[in-house]
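These notes concern the structure reproduced below.
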Amino acid sequence: MRADDVLHTPMPEFAADEVIEAVGDQFGVRPKPRSTALPSERDQLLLLPDTDVGPIVVKVSNAAESPRALDFESQALQHLAEVDPDLPVPRLHATGPGGLIGSIVDKDGREHALRVMTALPGSHVEGRVVTPRLAESIGALCARVSIGLRGFFHEYAGRPVAWDIRVQRAPAPDPLAAARTRIKQAVVATRSLPSGVQHADLTLTNVLVDDAGAITGVVDLGDMHHTAAVCDVAVALTSVLRNTATRQVASVWELAGAFLDGYQRWRPLLPEEAAVLGHLVLARLLTTLDISRERVDEHPANRTYISQYDASTQRLLATLLDLSDDELSRRFSRLTGLTIRRESAGEPLARRRDRVLGGGLAPTFYTEPVHIAAGEGPWLVSDEGEHYLDAYNNVAVAGHTHPAITQAVVRQLRTLNTNNRYLHPAIVELAERLGTTMPDGLDTCVFVTSGSEANDLAWRLARAYTGESGTVVAEWSYHGISARTEDFSTMEWTDPGRPPPDVATFTAPHGAGSPLDRDEARGRVAAAVDDLARRGARPGVLMVDPQFTSEGILDAPAEFMQGLVTGVHDAGGLFLADEVQSGFGRSGPQLWRFATMGITPDIVTLGKPMAAGLPVAAVVTRREIADAFARNREYFSTFAGSPVAAVACLAVLDVLSDRGLPERAVRVGAYLRERLREVQGEFPVVAEVRGYGLIAGVDLRPSEYGGGREFTAAVIEGLRRHRVLAGRTGRGGHVLKVRPPLVWEEEHADRFTAALRLALRDTARS
Ligand code: PMP
């Protein structure tokens, strides 16, 4: 039997009384005799508005209808009712023996299946004005039905279906041949896209709405079949866009965007789905025209009825065919937010960038900037697909584009992103978790958006608590870009008027000279405090990066650090550990570099790696210090600790602990420095290898073997040629900075040292 035989077999024509009697006998439903016939192409449908179980629709199936088809549809309705009880699909009433299908025999002795289902309120959307809001609701409905059917299977789902948009039934000659060629690739692509049983006919005729335009139902599962979910999207979307209402309130693109917004709230599309969607809409339009033409050929008398949608179908077809294949894909990708931004032909990106991004204020790394298009784990991938080993970026502490972090961020962004003035569990959990990693007493977290803002606020806290504005920092320190923290970033002191009167410096712990013990540190702090006093200031805070990263990656002994703490406490100031750069597991499972030194800071600032690149930073301190500041002001930073930011940071903490990355940092860091010391043995220009955990400073200071700022810059360019991205630091600009994501394994350390050997060789030669 052909699948569409039902269209060639006369529709059942029972008298209403006969049907009502059968319904009473077999389903135990007692209708009042009032009934209305509903339109159908192949069955007899009777609406019985008044029964003891509420309004029902009785469906007397075409005699040619296959029992498998009926079973398929009934099972699907049952399935949907179970998995998504709120989905407005008709509910089937059971027969006395517990089945779902009864029967009724016509005067010619043919048996027809009989089904009873709840009548859904509302009327068809077709013919109504489709507003963007309605389009969005239809999109959402389409996704919900598709999701509801995800786990449903039935052998009948694989039968051939006339409306399958992937099987084009081109006539010969084919007036639409050109358009049909354009959809071929998209149809093939759908074969590897998410698929399952789909409604596949969620058109405006099959969606019901109430007078206010709210959706009340979805009906007619007669064309359900197994296909790609994006084909189902294309069918519903085509119907919305082809909307035959005489009045249009929105453009095709506005409606498409609204529909996809609704759909994607439930089921975000994959980039591959978005890329073929436009072409599948074309496919649906072609199928519609083909079937309409076939029917007109068979029933010329019904031409007007059958071809009523042809004009609007042709109109939409023409609109889409006006776009090139590329434009069509890009248009739908953009509507779904899935455009990949590529460099356009014409003016080189670097020149365009320079023109609009502030020139000298926005330099790039390297003499020839690298265009990074993607990242994965320890790799950065250029726009040309070259893989660079990332030996520089600590923001991606858990590796680039970590799937668990990306998921968490995207899901939260889909749910909510506001500010921290509302109750939200993420920011609270984050503060609690950070608190457990801190020494006792450091119980209060203030969220901000950058390391600079964290240090800026920390200084204000210290001033409020101590009453003093004086700040002691290391020589060649870096603590931020704000007006105040620039004062604390001695490496930035290029303009005259430095140091400011309330900032003094101490000498960072270089190895040479006196032993770096407690007394030495206290002495250096005392000298800085004296310096402040000479200029009329007293210390409120001593601010230090415990890894002395910008100072050249210096390894301060714990005693030295302890001496700094007592030194500033003796002078009445607070001690601040700036963990913005060194924190989050780089130095091991304690997470913070200061924690390896047996000290308890008064304030800790966090940032950079905190949230995989989202702007989140924090100040952690004692409540009494925060209270001193809060006494006469409040502090609110719009983006600080937003739900998305907080969730991102929680995900980073999860990945760090679940994957043991801090432990790995210790192991791989030690291995890296061992390998680097071998390089040191081979290249006398390498004066020293320093670092703790997964950070290494390779000191290429000037010597009889070369070295120095220019030399180091050339080595970095050389590393880049060998596909490794590193940086440099320190006052003389001659310390190679190796500060990779913590996902590095030993093999990456090997790769780095191999590239370094080549770069040192190249540089020494040139
Ligand atoms: N403190 C330290 C130790 C840093 O390394 C940095 C950034 N390199 C900052 C503060 C400033 O952080 P941000 O760039 O997020 O403002």
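Predicted, not measured: the structure shown is a model, and the values here were computed from it. For ligands, and for the atoms within them, numbers begin at 1 and follow the listed sequence. In this chain, numbering begins with 1 at the start of the sequence shown.
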Please check if the side chain of T466 supplies one atom and the backbone of E468 the other of a donor-acceptor pair under 3.5 Å.
yes

Hey, which atoms in ligand 1 end up nearer than 4.0 Å to a heavy atom of S450?
15 (O), 16 (O)

Under 3.5 Å between any N/O of S452 and any N/O of ligand 1: does that happen in this structure?
yes

Below 3.5 Å, N or O to N or O, backbone or side chain included: is there any such pair between Q581 and ligand 1?
yes

Ligand 1 versus N455: contacting region, heavy-atom distance under 4.0 Å
side chain

Below 4.0 Å from ligand 1: does a non-hydrogen atom of T549 turn up there or not?
no

Tell me: protein heavy atom nearest atom 1 (N) of ligand 1, and distance?
D578 OD2, 2.7 Å

Does R586 count as lying over the ring of F584, i.e. NZ or CZ under 6.0 Å from the six-ring centre, within 45 degrees of the axis?
no

With respect to G451, determine whether any N or O atom, backbone or side chain, lies less than 3.5 Å from an N or O atom of ligand 1.
yes

Taking only non-hydrogen atoms of H479 and a 4.0 Å limit, the atoms of ligand 1 in range are 1 (N), 10 (C)

Less than 4.0 angstrom from a charged side-chain N to a carboxylate O is my criterion; do E579 and K608 meet it?
no

Could you tabulate the donor-acceptor pairs under 3.5 Å formed by side-chain atoms of residues 645-657, not counting sequence neighbours?
from, atom 1, to, atom 2, distance (Å)
D654, OD1, R433, NH1, 2.9
D654, OD1, R433, NH2, 2.8
S657, OG, L653, O, 3.3
S657, OG, D654, O, 3.4

Decide if atom CZ of R535 counts as having more than 12 heavy atoms of other residues, nucleotides or ligands within a radius under 6.0 Å.
yes

Identify, with sequence neighbours excluded, every residue that meets side-chain contact (heavy atoms from CB on, under 4.5 Å) alongside A630.
none

What residue and heavy atom of the protein are closest to atom 8 (N) of ligand 1, and at what distance?
K608 NZ, 3.3 Å

Taking the side chain from S469 and the backbone from R463, do they hold a donor-acceptor pair closer than 3.5 Å?
no

